[in-house]
Protein chains: 4
Amino acid sequence: MTATAPRHLSPRKRPRQQRAAVTVDAIFEATIQVLLSEGIHRLTTTRVAERAGVSVGTMYQYFPHKQALLYALNERYLDIVAERVERACQQHRGATTAAMVEALVTAYWKAKTERSEVTRALYRSAVELDNEALIEAFAERMDAATIAMLRSAPDAHYADIALVNVTLLSVIFGTVRNVFERNLPLQVQADIRRQLTTMCLSYLEASGG
Amino acid sequence: MTATAPRHLSPRKRPRQQRAAVTVDAIFEATIQVLLSEGIHRLTTTRVAERAGVSVGTMYQYFPHKQALLYALNERYLDIVAERVERACQQHRGATTAAMVEALVTAYWKAKTERSEVTRALYRSAVELDNEALIEAFAERMDAATIAMLRSAPDAHYADIALVNVTLLSVIFGTVRNVFERNLPLQVQADIRRQLTTMCLSYLEASGG
Amino acid sequence: MTATAPRHLSPRKRPRQQRAAVTVDAIFEATIQVLLSEGIHRLTTTRVAERAGVSVGTMYQYFPHKQALLYALNERYLDIVAERVERACQQHRGATTAAMVEALVTAYWKAKTERSEVTRALYRSAVELDNEALIEAFAERMDAATIAMLRSAPDAHYADIALVNVTLLSVIFGTVRNVFERNLPLQVQADIRRQLTTMCLSYLEASGG
Amino acid sequence: MTATAPRHLSPRKRPRQQRAAVTVDAIFEATIQVLLSEGIHRLTTTRVAERAGVSVGTMYQYFPHKQALLYALNERYLDIVAERVERACQQHRGATTAAMVEALVTAYWKAKTERSEVTRALYRSAVELDNEALIEAFAERMDAATIAMLRSAPDAHYADIALVNVTLLSVIFGTVRNVFERNLPLQVQADIRRQLTTMCLSYLEASGG
DNA sequence: GATGAATGAGTCTTCATTCAT
DNA sequence: GATGAATGAAGACTCATTCAT
């Protein structure tokens, strides 16, 4: 994420040493654990620190306050998702539209559902967090990646690629979230995913013929 | 909503009398106000009561605890949305698939975005609320309504209507949420909505030809 | 004290009922007790509440934060001192200069030393409290009272009464503070007080002959 | 200051080497800076160390704990003030009473007001510091210096020089503090200072004729 | 010797909930 | 039935002090 975080939300210090990096990772992991096992209203700084095996004081050395921790956690998460999607887009430049859609849906779907519990937890953690900037940055990054990919399609040309793209992403991202928030049976999820792919492909074909 | 709310979340008493209903409504409205003006972490029982013009004690007469209030609030909200969608479905039985899709997207989109601030506020309030039952009930109700409508289409017949329907709803609901959570410019929102309608229509035509 | 306290330092609610007044008084008294027995760095809200026999929550109902408590405490204290001095001034209008000085020194000295421990405690509590307004208001009040008294002297007339008066008060107030902060033996304190009175009288005679 | 500091308040080691002295001075200066810029409740060891350009660890090498630092700081400050007053007294042995008073008031006044911000800051830092011993030692030192001077006056002889002296010092020290704590306009301050000098001179003349 | 990351007891403050009036 | 003062457990955050590197 290259989004410059609101000043007050940025980590107090960048972990430079090995040990620090380990500590920060432990804190992130602990946050997720607590979120999963206790829920967001029991996500307290003390509990996180305890679970991470560090003292509260140490935690505050890395994150000036709770919000900064959650912000950073979301940032890291979105970063990972973004990277995966970007990689998929990169790898499918010049491919057929069908392959592109397949790749895009798959990449996003997997990124979101592989550790679906974590995803769910993070959605919760984001509430009441001023993370619009984060979301915005993520969206722009995705936009750039998918547009570049779509543009490279040998079998299609889009009149209004911006609109096609924002629609495509909205539909995919939205559907994925909706599906796994409803906790539908895995089989149904898989079915929907296939349908979604088909639907998107038709859309692209209709738009970029 | 016919979902039987988890026992501990149901209101202490059903507002039967006139006065009670007024009070409850005032409390609901106050909750939304506070949510909007102060954010979820400043949503306190005292503040809600104050804004509603009643004492905390009175509030506790109607809602045994804070969660029950939020639960009821969400319930009421989903109820309203569900009703609007149901009505649209009802009114389009026997219509063309195109009309149906248009009606469905419109009904849901409007219900969600007309008071988008409120919607957003409610999403927040729902976090950490054990409202799966609520969501589930809402989903089922929607399912029933839309399936009934789709079945009545003179111009289509669906092999696996359950799958088609769940996909359709997932896509619509998900996209709407995604769009308005990103706070896109109104023009873009309108564009996407049109695209979404088209996309869904193609999907149905492809599935139900 | 008619000084309008900085908004953020004013008590949350004016005690209207009997019970409330009692509670507030208990809190004030407890604060002084803790200040005396534990020192300012052990003056915690919890400790004060405990000593006052109320819960922290209750304390916060009356004082929005610790500073407000200390501010109010000082305000109340200065009010009492001011009243006593004012009364003395009032009662000596038209008296001889000698009687005036005697009365002024006595009134202030007594007000400050009668519960000298408390005075000392309050001086401490005032540190790092934005109480300039308080001090200023007190000073003005004293100024007004003493000037009115001095003006009424039948045996003196002051060319620059403002300067004479501010000097007089600075000397008296300063000396008193200095004396009792040094914790001199009572006998010495009494001696100094007499000397101070004499000194001030000479000063006034020299200035107002 | 020859006052033997309470054992637990004395610096861990006397700065014998050049480097140490420099460091200690930097720490003192930093303390004052922080006190001025941040206020006493933000005067933390870390902040002081940082501003002084040393590590906390190093600071603890010189001062076993925070109190020791503040104690030493006050000690140093009083030492400087004491020295200046002593020098003035020394230089006016055998002078006229008028010259003596003038010199005394001037010396103390200047010492206190030249860096009045610092003085103020130090008063704050002394709160909740067991510095009675310090004050006492300072007082005795001043006593000795002024008594010696007064005794050498060719134009006066005091029956009870101890009382006269303690009164004199109490009045001067107290007034100075009072004046500059009230932050009066400079012009008024200067006026009061002149009045104070006159008043003290009359007093001495009346007492030592 | 110097460093500064880590510690965790201790602070202030909030807020859901109760219950005497 | 309504009120709102009182409660106190629990949370976020600070900071003097230590000690491994």
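Everything numeric here is computed off the predicted structure, so don't read it as measured data. Letters A, B, ... are given to chains in the order of the sequence lines, protein chains preceding strands, and every chain is numbered from 1.
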Worksheet item: Closest nucleotide of DNA chain F for Ser55(C) versus for Gly57(B): which of these residues is on the 5' side?
Response: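 Of the two residues, Gly57(B) wins.
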Discussion item. For Gly53(C) and Leu43(D), find the nucleotide of DNA chain F closest to each by heavy atoms; which residue's nucleotide sits nearer the 5' end?
Written reply: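 Closest to the 5' end, via its nearest nucleotide, is Gly53(C).
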Under 4.0 Å between any heavy atoms, over every strand shown, what does [X] touch: base, sugar-phosphate, or nothing? Just pick one.
X: Arg42(D); result: nothing
X: Thr44(B); result: sugar-phosphate
X: His41(B); result: sugar-phosphate
X: Thr45(D); result: base

Nearest-0.5 Å distance that lies between atom [atom1] in [X] and atom [atom2] in [Y]:
X: Leu35(C); Y: Glu117(C); atom1: CG; atom2: CD; answer: 10.5 Å
X: Arg120(C); Y: Ser125(C); atom1: CZ; atom2: OG; answer: 14.0 Å
X: Leu73(C); Y: Ile27(C); atom1: CG; atom2: CD1; answer: 11.0 Å

How close or far is atom [atom2] of [N] from atom [atom1] of [X], stated in whole angstroms?
X: Gln61(D); N: dT18(F); atom1: CD; atom2: C1'; result: 12 Å
X: Lys66(A); N: dG11(F); atom1: NZ; atom2: P; result: 9 Å
X: Phe63(B); N: dT18(E); atom1: CZ; atom2: P; result: 16 Å
X: Met59(C); N: dC15(E); atom1: CE; atom2: C1'; result: 16 Å
X: Tyr60(A); N: dG10(E); atom1: OH; atom2: C1'; result: 14 Å
X: Ile40(B); N: dT14(E); atom1: CD1; atom2: P; result: 18 Å
X: Glu38(C); N: dT11(E); atom1: CD; atom2: P; result: 10 Å
X: Leu70(A); N: dA12(F); atom1: CG; atom2: C1'; result: 13 Å

Worksheet item: When the nearest nucleotide of DNA chain E is assigned to Thr46(B) and to Val54(A) on a heavy-atom basis, which residue is associated with the more 5' position?
Response: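 Final value for this comparison: Val54(A).
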Item to complete: Could you tell me whether Glu50(B) and Arg47(B) make a salt bridge, using a distance below 4.0 angstrom between a side-chain N and a carboxylate O?
Response: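 No.
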Practice prompt. Look at Thr58(C) and dA5(F) and indicate whether a side-chain polar atom (N or O) is within less than 4.0 Å of OP1 or OP2.
Written response: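 Negative; the distance criterion is not met.
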Practice prompt. Would you indicate, yes or no, if dC15(E) has its OP1 or OP2 atom less than 4.0 angstrom from a side-chain nitrogen or oxygen of Arg47(B)?
Written response: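 So the side-chain polar atoms of Arg47(B) do come within 4.0 Å of the phosphate oxygens OP1 or OP2 of dC15(E), strictly under.
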Worksheet item: For the residue pair Phe28(D) and Phe63(D), is the inter-centroid distance of their aromatic rings smaller than 6.0 Å?
Response: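 Yes: the rings meet the under 6.0 Å criterion.
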Discussion item. Which nucleotide, if any, forms a Watson-Crick or G-U wobble pair with dG8(E), using both distances under 3.5 Å?
Written reply: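 WC or wobble partner is dC15(F).
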Discussion item. Applying the Watson-Crick and G-U wobble criteria at under 3.5 Å, what pairs with dA20(F)? Answer none if nothing qualifies.
Written reply: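 dA20(F) is paired, partner dT3(E).
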Worksheet item: Nearest to the side chain of Val56(B) - dA6(E), dT17(F), dT17(E)?
Response: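 Nearest to the side chain of Val56(B) among the choices is dT17(E).
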